[in-house]
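In this text the structure is predicted, and so the values were computed from the model without any measurement.
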Amino acid sequence: QVQLVESGGGLVQAGGSLSLACTFSGGTFRYYAMAWFRQAPGKEREFVAAINWSGGTTEYEDSVKGRFTLSRDNAKNTVYLQMNNLKPEDTAVYYCAAYRGGWIVRTLGTYDVWGQGTQVTVSS
């Protein structure tokens, strides 16, 4: 059974940086495209970034372009989300997600494996 475990959330001041990691187990990592979504209080879960099976292609939600970088290490079964120049509006629970397929998909419903989430709080 595929499982995802996120780590690296926390509290940071506006303009600061955080790095999230998501470790994959229970399957063949390179068969899965990976993504991060986030959910702020009172809001729907939204797409943040996704990466294809090889790590050669990434996509980002417009508000994080140029500030967030998504990467993966297939030897370590891990994806990393480096978040720089954080803003208070980035405050949310961040979820790692996976689906068995090589290509990037932004649609939440496509992803069938989810982590438990990690809180990111950015103070102004």
What residues form a side chain to side chain contact (heavy atoms under 4.5 Å, CB included) with [X], not counting sequence neighbours?
X: Ser63; result: Arg38, Glu61
X: Thr121; result: Leu11, Thr91, Gln119
X: Val120; result: Leu18, Leu20, Met83, Tyr94, Val122

| task | Give the intermediate values and the outcome of side-chain contact (heavy atoms from CB on, under 4.5 Å) for residues Val79 and Cys96. | result | CA-CA 9 Å; Val79 292; Cys96 180; 4.1 Å; yes
Interatomic distance, CD@Gln82 vs CZ@Arg67, rounded to 0.5 Å, equals 12.0 Å
Rounded to the nearest 0.5 Å, the OG atom of Ser124 sits from the CD atom of Gln13 at a distance of 9.5 Å
Does Tyr80 belong to the same Ile/Leu/Val/Met/Phe/Trp/Tyr cluster as Phe47, with side-chain heavy atoms less than 4.5 Å apart forming each link?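 The answer is no; the residues belong to distinct hydrophobic clusters.
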Can you list the residues that meet the ring pair (Phe, Tyr, Trp, His ring centres under 6.0 Å) rule with [X], with sequence neighbours excluded?
X: Tyr60; result: none
X: Phe68; result: none
X: Tyr95; result: none

Discussion item. Within the 4.5 Å heavy-atom criterion, are Leu108 and Phe37 side-chain neighbours or not?
Written reply: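 Of all side-chain heavy-atom pairs linking Phe37 with Leu108, at least one is under 4.5 Å.
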_Counting C-beta onward and ignoring hydrogens, is there a side-chain heavy-atom pair between Leu4 and Met34 closer than 4.5 Å?_
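Counting from C-beta outward, Leu4 and Met34 do come under 4.5 Å.
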Which side-chain N or O atoms in residues 48-55 pair as donor and acceptor under 3.5 Å with protein atoms at least two apart or in another chain?
residue : atom : partner : partner atom : Å
Asn52   : OD1  : Gly55   : N            : 3.0
Asn52   : OD1  : Gly56   : N            : 3.0
Asn52   : OD1  : Thr57   : N            : 3.0
Asn52   : ND2  : Ser54   : OG           : 3.4
Ser54   : OG   : Gly56   : N            : 3.1

So, for [X] and [Y], which heavy atoms are closest and what is the spacing to 0.1 Å?
X: Leu81; Y: Trp36; result: CB-NE1, 3.7 Å
X: Ser17; Y: Asn85; result: OG-N, 4.3 Å
X: Pro88; Y: Ala14; result: CD-CB, 4.1 Å

Output all residues satisfying salt bridge (charged side-chain N to carboxylate O under 4.0 Å, His left out) with Lys65, sequence neighbours left out; order by chain, then residue number.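 If we apply the salt bridge (charged side-chain N to carboxylate O under 4.0 Å, His left out) test to Lys65, skipping adjacent residues, the hits are Asp62.
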Taken in chain and number order and not counting sequence neighbours, the residues that satisfy side chain to side chain donor-acceptor pair (under 3.5 Å) with Asp73 are none
By side chain to side chain donor-acceptor pair (under 3.5 Å), Gln116 pairs with (sequence neighbours left out) Glu6
- Can you list every ring-ring contact (aromatic ring centres under 6.0 Å, His included) pair that touches residues 12-35, not counting sequence neighbours?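 Qualifying pairs, neighbours excluded: Phe24-Phe29, Phe24-Tyr32.
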For residues 98-114, the side chain to side chain donor-acceptor pair (under 3.5 Å) pairs (sequence neighbours left out) are Glu59-Arg106
